[in-house]
K.L.:
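Here it is: the structure, laid out below.
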Amino acid sequence: MGFGTKAIHAGQEPDPTTGAVMTPIYQTSTYWQKTPGDNKGYEYSRGTNPTRKALEDCLAALENAKYGLAFSSGMGATDAVMKLLMPGDEVITGNDLYGGSYRIFTKVFANYGIKFHFIDLTNPENIHQYLNEKTKLIWLETPTNPMMQIIDIEAVSKIAKSKNVILAVDNTFASPYLQNPIDLGADIVMHSVTKYIGGHSDVVMGALLLNDEDLYKKLWFIYNACGATPGPQDSFLVLRGIKTLHLRMKAHCENGEKIAHFLKNHPKIEKIYWPGFTDHPNHDVAKKQMRGFGGMISIVLKDADLAETFRISGNFKVFTLAESLGGVESLINHPATMTHGSIPKEEREKVGVVDNLLRLSVGVEDVDDLIDDLKSALS
Ligand SMILES: *Cc1c(COP(=O)(O)O)cnc(C)c1O
């Protein structure tokens, strides 16, 4: 089945009691039992809810996975993966990560005796020197947020498999429309569903998608025991958002490409990061593992200090200055003080998250209006 057909139908049968074509919002915390334990497959909505189940099955189908687990945020999903680990275990991860991922690793799980190595994963060979018998997990993001590095998932998965290490990929920036990490050898795919999958900036949600039954059982135990699961109303909104994921992603890619080319030679732009450019350092890997280059673009403003960068970021009329990404509306973000404010200045500047870096999430408005907005904001 094609992606669009799965986005619209996977996990979603007409409701057995009424025939409702759209999955109902099962706004219930609990379920009738005939005698204790004799129920219709649902007991309590922290663990299972039919609206959430339809969404989880749909998300799993889009990532070519057997199992799906939805969480109340992307960070809730990440938290569940980290709880697979024990004190003394080690994790290898990238040096350019979503700020919240860096924060939960260094400020929460490091306190429980888990050691993190933040390394340059654009060269997968770098992993070897950090691997040892304590390494239990490799966590990678590609494209990375906000530097748009591309990491070769297949190459990393070969290294992970050779040492029996779990590979988890944060696939938020690409969305399942552009990239399927499980097909490239990853064990777990994580999404901030808040972004492209939800797509309308009205829900915060996360998900884990995977194939291995043992790992699924362990993660389901954590999901139910720790309880960061989303409610039926949010699950419904995401099911509705997903139905146009393929249409939106096509439009994000088209607009992204036009805007990237518009900005490339703009006199106010010092650097631009977008994996679709043939001179992007990891363009070949992007071409190999992605089906398009997406609508996320980072730019460095020429000769702009923090005050000038703030001034320019306040000039937009169509782009909205806000955290988050992946919605239908175009957003602009200042990583150093917004999404990546929790990363120390020295750390973020090492990878290029400088004070005059702006990140664009190109939406699906008319591209000419977006280009006009950029023209006037930059002038
Ligand atoms: C937003 C984001 C997250 C966190 O997801 P939430 O839904 O905000 O908790 C994780 N990874 C990436 C790449 C993100 O952009």
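Counting convention: from 1, in listed order, for ligands and their atoms alike. Both backbone and side-chain heavy atoms feed into the values below; hydrogens, waters and symmetry mates do not. Treat the numbers as computed from the prediction; the structure is a model and nothing was measured.
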K.L.:
Protein residues near ligand 1, heavy-atom distance below 4.0 Å?
P.N.:
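Under the 4.0 Å cut-off, ligand 1 touches Ser73, Gly74, Met75, Tyr98, Glu141, Asn145, Asp170, Thr172, Met190, Ser192, Thr194, Lys195, Met205, Leu325.
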K.L.:
Under 30°, 30 to 60°, or over 60°: which ring-plane class applies to Tyr177 and Phe3, parallel, tilted or perpendicular?
P.N.:
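Perpendicular.
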K.L.:
Would Lys66 count as a cation-pi partner of Tyr216, with NZ or CZ less than 6.0 Å from the six-membered ring centre and within 45° of the ring normal?
P.N.:
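Judged by the rule, Lys66 and Tyr216 form no cation-pi pair.
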K.L.:
Under the salt bridge (Lys or Arg N to Asp or Glu O under 4.0 Å) criterion, do Asp284 and Lys288 qualify, and how do the steps go?
P.N.:
CA-CA 6 Å; Asp284 290 344; Lys288 181 180 77 165; over 6 Å; no
K.L.:
Of Met148, His261, Glu257, which meets side chain to side chain contact (heavy atoms under 4.5 Å, CB included) against Phe277?
P.N.:
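For Phe277, the side chain to side chain contact (heavy atoms under 4.5 Å, CB included) test succeeds with only one of Met148, His261, Glu257, which is His261.
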K.L.:
A cation-pi test, strictly: NZ or CZ of Lys195 under 6.0 Å from the centre of the six-membered ring of Tyr98 and no more than 45 degrees from its axis. Yes or no?
P.N.:
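Lys195 over Tyr98 ring: yes.
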K.L.:
Taking side chain as C-beta onward, heavy atoms only, is Thr122 less than 4.5 Å from Thr144?
P.N.:
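No, too far: nothing below the 4.5 Å cut-off.
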